[in-house]
Amino acid sequence: MNRSLILMTATRYLVPIILMLSVFILLRGHNEPGGGFVGGLLAASAFALYVFAFGIKEAQRLLGVHPLALIGSGLFISLGSALIAPIFFGEPLMTGKWIDTFELPGIGKLGTPLFFDIGVMLVVVGVTLLIVFALAGEDEQLGGGS
Amino acid sequence: MIISWPILAQFFTALFCLFFWARRDIQRILSLVGSFAALASAIGLLLQVQEAGIQVMQLGNWPSFAGIVLVADLFSAIMVLITAFMGLMIALYAISDIESGQEAFGYHALYHFMLLGVTGSFLTGDLFNLFVWFEIMLVSSFVLLSLQGNRPQIEGGMKYVILNMLASLTFLSAIGLLFSVTGTVNMADIARQLEVVAPQYPTLIIALAMMFTLAFGMKSAVFPLFGWLPASYHTPPTAVTTIFGALLTKVGVYAMIRVYTLIFNQLDTLNYTLTALLLISAFTMVVGVFGAVSQFGFRRLLSFHIISQIGYLIMGLAVFTVASIAGTIFFMVHVILAKAALFLVSGIVKQLTGTNDLKQLGGFYNNNMALSMLFFIPAMALAGIPPLSGFWAKFAIIKAALESGSYWIVGVGLFVSMLTLYSMVKIWTYVFMRARPEAYDKPLEPMAVNDRWLRWTPTILIGGLTVLMGIYAGPLMALSTEAAEQLMAPAQYIGVVLGGAG
């Protein structure tokens with residue numbers, strides 16, 4: 001395949017920046033516009049860019065896991081954070097629980113909604129990349145165990 | 001807390017199936033265990049609702065006008081229970097019926113995501129959230145429908161997707177318009193606001209009611225919006241057809257009953273919409289059954305029957321008395337069971353002979369008496385022969401219609417009943433009574449012992465339940481009547497949901 005040197009060089013610099021930005025957007029979602037969904041789309045776009053520059057194989061190597069694993073673990077984290085309140089505090093499902101005693105610099109208070117958002121982000125990245133990888137031509141990996 | 005268990009059970013099952021993507025044996029066990037957990041929690045929920053009244057959970061502990069609320073009244077609890085039961089039965093049947101190729105594409109995970117959507121639709125008290133559950137259910141069903149990816153499946157799937165997308169669009173716009181009038185998407189709150197607002201915009205409310213009817217009607221395959229159903233339902237494996245035919249259209253009917261009893265229950269609106277519904281129900285019944293009579297495919301014929309039975313359900317809603325709604329609830333449970341039993345028998349016949357074409361079948365009465373009985377009982381129940389469940393179901397709806405003076409619809413209902421019987425007898429004659437045509441007479445495929453267990457157990461259990469429903473019609477009808485009373489007196493529902501709002 002014919003690769004563009006300019007695109008490849010630019011991508012090397014852009015991907016880390018976009019990924020950092022996506023984490024920033026995720027954390028910003030606490031109190032301002034942003035959050036897991038948008039952050040997830042941004043992170044997925046970084047990998048999509050990598051697909052254009054270096055091809056699918058390289059992008060999958062960079063990602064390191066199958067997108068389905070991201071979807072599964074994302075759902076698990078979100079669901080787990082939703083279950084904290086009913087299991088430990090006897091309150092309704094999805095009630096937000098915060099640690100009030102300290103704040104992490106740059107992130108703020110820790111709590112279940114943050115983990116819910118992280119889960120959402122992982123699901124969005126997983127779904128988007130599953131589609132991107134499939135559309136970009138390598139559909140044989142979708143069959144999984146077969 | 002128990003109200004969220006049926007949802008969580010399906011959710012976790014689907015999730016763990018994702019984790020074990022490559023291990024099909026583990027997925028099968030997970031699917032069974034998860035379905036069993038869902039059934040147990042659904043029974044628990046029904047008992048709880050019976051004992052302690054309507055159950056409510058404010059998700060996230062938000063006040064109910066701001067957050068999403070889960071509500072389980074008797075009607076919801078009954079529907080959740082029948083969903084969980086069918087979920088377990090079909091999970092069992094599917095192990096034998098679903099090919100390993102489809103399992104590798106995530107059949108089990110999708111199946112439980114679909115059941116998650118169905119369960120969630122029954123339990124949510126929030127109109128927009130209902131839309132979201134609908135989408136979860138539909139998106140997974142799109143994939144389940146076309147999992148083998150052959151030509152008829154893609155063709156049927158396209159119609160299914162496009163029409164259901166259209167329905168979703170209508171549904172969403174209707175929610176938006178309703179929100180613009182009431183400023184809320186919580187169903188109980190909408191109902192409370194409309195008491196004040198509805199007299200100001202009577203025509204808008206009627207238009208909205210019709211939009212919801214259109215959206216839910218398309219999803220539940222009423223006349224004239226049923227085109228997608230016969231085009232798609234006979235194409236996937238039997239297990240998928242059965243769970244679709246049993247549950248998906250009923251979710252549309254459930255939603256229709258919910259919005260009519262809770263939200264659009266103003267007299268002006270009802271005067272207009274119920275007449276429309278009555279007409280729709282008559283056409284649905286008649287067209288569905290005529291479609292069925294003319295078919296020569298086992299499953300296609302049964303698919304058309306789904307439409308005709310939906311007509312009865314809509315008729316019960318359109319008569320709109322406590323007795324008729326009670327009849328509808330009873331009918332809904334009956335038709336889910338009876339139709340599923342028939343589909344499962346068609347699956348066994350298909351497995352034994354390799355075909356579903358009535359013209360090529362025959363001779364089952366002589367060489368497989370047990371299977372014949374398993375067809376005969378639910379078929380007669382569907383046609384409404386006493387003392388089986390269908391008789392009491394139709395009796396309740398027709399009696400309620402007579403009491404309210406809608407004589408002509410009773411005539412239509414009885415006429416359709418005759419044709420239902422005729423079409424059941426048609427299958428009975430072709431597949432069971434007559435000798436198999438010589439041109440197609442070849443020995444039956446042998447069935448492995450495992451397959452036999454997995455296919456016969458659910459078929460016998462579901463078929464047996466249609467008999468039990470007939471025998472215990474009294475207590476079950478009492479339960480349905482109680483559920484209908486809750487539906488027809490929405491003040492209680494509204495009070496319980498908004499009680500926490502202060």
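Within every chain, numbering begins at 1; the chains are lettered A, B, ... in the order of the sequence lines, protein sequences first and strands thereafter.
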Less than 3.5 Å apart, which donor and acceptor atoms pair up between the side chains of residues 110-121 of chain B and the rest of the protein, not counting sequence neighbours?
from	atom 1	to	atom 2	distance (Å)
B/Tyr111	OH	B/Gly87	O	2.7
B/Tyr111	OH	B/Ala91	N	3.4
B/His112	ND1	B/Gln10	OE1	2.9
B/His112	NE2	B/Ser31	OG	2.9
B/Thr119	OG1	B/Leu115	O	2.7
B/Ser121	OG	B/Gly117	O	2.7

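- Close approach to chain B, defined as a heavy atom under 4.5 Å from one of its heavy atoms, is seen in no residue of residues 6-27 of chain A.
- Within the 4.5 angstrom heavy-atom criterion, only side-chain atoms of B/Leu15, from C-beta onward, approach chain A.
- Contact annotation for B/Ile68: neither backbone nor side-chain heavy atoms come within less than 4.5 Å of a heavy atom of chain A.
- Contacts between residues 69-82 of chain A and chain B, defined by a heavy-atom separation under 4.5 Å, are made by A/Ile71, A/Gly72, A/Ser73, A/Leu75, A/Phe76, A/Leu79.
- Taking non-hydrogen atoms and a 4.5 Å limit, the residue list of residues 85-93 of chain A in contact with chain B, ordered by number, reads A/Pro86, A/Glu91, A/Pro92, A/Leu93.
- Applying the 6.0 Å contact sphere to CZ of A/Phe37 captures no more than 12 heavy atoms from other residues, nucleotides or ligands.
- Distance check, rounded to the nearest 0.5 Å: CE of A/Met94 to CE of B/Met57 gives 11.0 Å.
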